[in-house]
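In what follows, a single structure is set out as structure tokens and then discussed.
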Amino acid sequence: WGEIMIKIKISSLQQRLALFLLLPVALLLFAMIWMGFAFARDALLLQWREVSVLKLERAAHLIDMRLAHPKNWLQMYMYAAGVRSSAAMRQQLVERLHGMDGVERVNVTWLDEKLPPVPTQHGIRRDPSHQSTGMRRNSGKTHSRRSVPVEITSPRYDAVEDHATISLISDLAAEDGEILGKLEVTIRFDYLVEDIKSSKWWLAHKAFLVDQTGKVLMCAAPHEKRQLGDSGDAMELATLNALQQAPFGTLLGKGVPPNEVSVYFRLKEVPWTLVIIAPGREILAPLVRFRDYFFSSGLIFVIFILVLMRWVIGRTASSIRSVAAAAQNIARGTHSPFLPARTQDEVGQLIESFNTMAGQLEERIRLKEALDLAMEVQQSLLPREAPQIDGLDIAGKCIYCDETGGDYFDFMEFSELDGRIGVVVGDVAGHGIGAALIMATVRSLLRSRITQSGTLSQVITDVNRMLCLDTSKTMSFMTLFFMLADRLNRKINWVRAGHDPAIIYNTSTDSFSELRGTGIALGVDETLSFHEYEYTGWTDDQMIIIGTDGIWEATHDQGELFGKERLLELVRRHKDHSAQEIVQIIIDALGEFHRTASQQDDITLVVMKTRPL
């Protein structure tokens, strides 16, 4: 699986039932099938290995029997060679050896020239200068012959006989170990292995007869091989290593089932080993067929269950799909007709509840559309970009906690202001649709009045009187800070209507001050007259910050206030940034401060920095 993540998207009731009901049962069934298959596979492999070992043991026994018979008579000859006056007996033994099945030649060679030769017949070769009886005289003593091991040669082609032969060679030695002569019996190789070559298992698989070094004496492979493992085959090399360690055994190749299985058995009479290498799939063919049939039947059964499930819950799933489609239509803003409840069960109750909910949602969607339109209109009332004024760097931003809000800021550039710029920041009590309407009313009143003659205090007094006429019954009010900035004459005029004072930061002295003044909120008292203030100490190294209480009264999830100290510290730390960057830094800091708490009030901030004229 590695590090790959598979996400399953359940999009229907039928898929849910298939996933949580049918899939576990199917997995359990297939797991049991697989475990049974694995058990049967191992049992079948074990049985095949045991049967194969028995086959090889029987074949090896046949070869051993055909070798043991001449070896026994050869042993008798070696004993007879040490008996005085036994030439006739030796001759009979030679004739008996030559008369055996598969024996081609019998050669007897003596090293003592003084001993009489053995008569030659039945094709027995003799060397007159080296043949003698089986006894040697030495200083008047008679030495009886002592037997030594028999050497068996590898198969070799005999040009005289025109086929492969092997030889059984034994030295004739005295009791003191002195060699008296040599006896060699030549046997046809085909005679030894004729039963093996006609066996079905020899013809059906890769089979070899090899010596201890891996030299191939005989093989049933399609191509003649000279050495086991000479092609680099991993199974042949592993078998060669194993047969040099143990007289018999089996090896399994890689894979499940194993790609190849090897079995070997060593002969007793000669250091040769029979080897069979068979494909694993061929051995397990009956079990593989059973597995395929079983899994196919299981798959058909699962498909049948799925079809049955679809037929049983079809009507229920169809009703739920209808509800889902109607819900999607409502989500897209399309109101479909009420769904008919055809049953009185839980699905019918669900449809009736959905019809009730759909009617209420339709009303709420219309209200949401109205709110979105109001938000769009209100956002259009705020400045889209800051004015470009020589000697000033101004930026502002307003973030509402709902679709609409009561915070307000504005930049006013009118010819009637004689080169001055008006900066307004206001905060309506509360937020939402009502606050947005008050904010829009004050904006329109302020913009229409500022273009007429009169001082700044007269402008705000007139706006307050007209607003009170509209809000006398609703008890709504709005705080406001209105500032006229004259960059050329380095002075600021302002009126404070219940709003928090503007903050002046002197970067050269790292000090803060405020533009204070008296005045209550707009919309409270229509008879109130506002007072205008003037600041003439405006220098090039000062910054003015105007905000609403949504900044310093913001709280995080533990209830702690953001406070003005954090605001002033942010201004001090980023004093070298532009006005727009300072506004964004403070807004981002508020977002981090909130953590998981939601915004509870509207946020408005205006920053104005002086630049050299």
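Residue numbers count from 1 along this sequence.
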Answer whether the closest heavy-atom distance between the side chains of M478 and Y408 falls below 4.5 Å. yes
Before accepting this row, confirm whether a basic side-chain N of the pair D410/R447 lies closer than 4.0 Å to the acidic partner's carboxylate O. yes
Applying salt bridge (Lys or Arg N to Asp or Glu O under 4.0 Å) to K491 and not counting sequence neighbours gives E534
Are the side chains of L392 and M608 in contact, using a 4.5 Å heavy-atom criterion? yes
Closest non-hydrogen atoms of N464 and L522, given as atom of the first, atom of the second and distance, are OD1-CA, 3.3 Å
Can you name the nearest heavy-atom pair linking T479 to A521, along with the distance? CG2-CB, 4.1 Å
Any idea which heavy atoms bring F530 and A497 closest together, and the distance? CE2-CB, 3.7 Å
Of all heavy-atom pairs between D393 and A579, which one has the smallest distance, and what is that distance? OD2-N, 2.9 Å
Evaluate the side chain to side chain contact (heavy atoms under 4.5 Å, CB included) criterion for residues D427 and H499: first the C-alpha distance (whole Å), next the side-chain angles of each, then the deciding distance (0.1 Å), finally the verdict. CA-CA 8 Å; D427 184 4; H499 198 80; 4.1 Å; yes
Step through the shown structure and confirm whether more than 12 heavy atoms of other residues, nucleotides or ligands are within 6.0 Å of CD on Q452. yes
Tell me, yes or no, whether the heavy-atom count around F477 atom CZ, taken from other residues, nucleotides or ligands under 6.0 Å, exceeds 12. no
Looking at L605, I551, L570, which hits side-chain contact (heavy atoms from CB on, under 4.5 Å) with I545? L605
With S511 via side chain to side chain donor-acceptor pair (under 3.5 Å) - residues at least two apart: T509
Nearest 0.5 Å please: distance from the CG atom of L445 over to the CZ atom of R443. 11.5 Å
E385 atom CD: more than 12 heavy-atom contacts under 6.0 Å: no
Between atom SG of C398 and atom CG of L382, what is the distance when rounded to the nearest 0.5 Å? 5.5 Å
Taking D486 first and then R420, would you say they form a salt bridge - that is, a charged N and a carboxylate O separated by under 4.0 Å? no
Distance in Å, E532 CD paired with N493 CG, rounded so as to fall on 0.5 Å steps: 4.5 Å
Distance-only donor-acceptor check, side chains T548 and D407, under 3.5 Å: yes
What pair of heavy atoms forms the shortest contact from Y400 to G405, and how long is it? CD2-CA, 3.4 Å
Heavy-atom check, side chain of D541 versus side chain of T610, under 4.5 Å: no
Nearest heavy-atom contact between S262 and M235 is CB-SD, 3.6 Å
Do R566's NZ or CZ and the ring of W552 fall within the cation-pi criteria of under 6.0 Å and 45°? no
Less than 4.0 Å between a side-chain N and a carboxylate O, is that true for E553 and K564? no
With a sphere of 6.0 Å drawn around CZ of R611, does it hold more than 12 non-hydrogen atoms of other residues, nucleotides or ligands? yes
Would you please say whether a donor-acceptor pair under 3.5 Å links the side chains of N506 and S508? yes
Name the orientation class of the two ring planes belonging to F512 and Y505 (parallel below 30°, tilted from 30 to 60°, perpendicular beyond 60°). parallel
Please tell me whether D462 and Q458 have a donor and an acceptor in their side chains that are separated by less than 3.5 angstrom. no
Which distance, rounded to the nearest 0.5 Å, do you find between the CG of L251 and the CD of E236? 12.0 Å
I582 and I586: CA distance, side-chain angles, deciding distance, side chain to side chain contact (heavy atoms under 4.5 Å, CB included) verdict: CA-CA 6 Å; I582 294 174; I586 295 174; 4.0 Å; yes
Measuring only between side-chain heavy atoms, which start at C-beta, is F411 closer than 4.5 Å to E413? no
Under 4.0 Å between a side-chain nitrogen and a carboxylate oxygen: does that hold for D510 and K575? no
Does the plane of the ring in W494 sit parallel, tilted or perpendicular to the ring in Y533? Use 30° and 60° as the thresholds. parallel
I'd like to know whether Q599 forms a side chain to side chain contact (heavy atoms under 4.5 Å, CB included) with I399, so could you lay out the CA-CA distance, the side-chain angles of the two residues, the decisive distance to 0.1 Å, and finally the verdict. CA-CA 10 Å; Q599 182 180 336; I399 300 177; 3.7 Å; yes
Q600 versus S598, side-chain donor and acceptor atoms under 3.5 Å: yes
Mind running side chain to side chain contact (heavy atoms under 4.5 Å, CB included) on L480 and I460 for me, showing each step along the way? CA-CA 9 Å; L480 188 76; I460 301 302; 4.0 Å; yes
Using only heavy-atom distances, determine whether the side chains of Q542 and K609 contain a donor-acceptor pair under 3.5 Å. no
Pairwise side-chain contact, L469 with E526, heavy-atom cut-off 4.5 Å (strictly under): yes
Separation between CG of L484 and CD1 of I492, rounded to the nearest 0.5 Å: 10.0 Å
Would you call I503 and I546 a side-chain contact if the rule is heavy atoms closer than 4.5 Å? no
With respect to R490, which candidate in T536, T539, D540 satisfies the side chain to side chain donor-acceptor pair (under 3.5 Å) definition? D540
Looking only at atom types and distance, does a side-chain atom of R516 sit under 3.5 Å from a main-chain N or O of P501, one as donor and one as acceptor? no
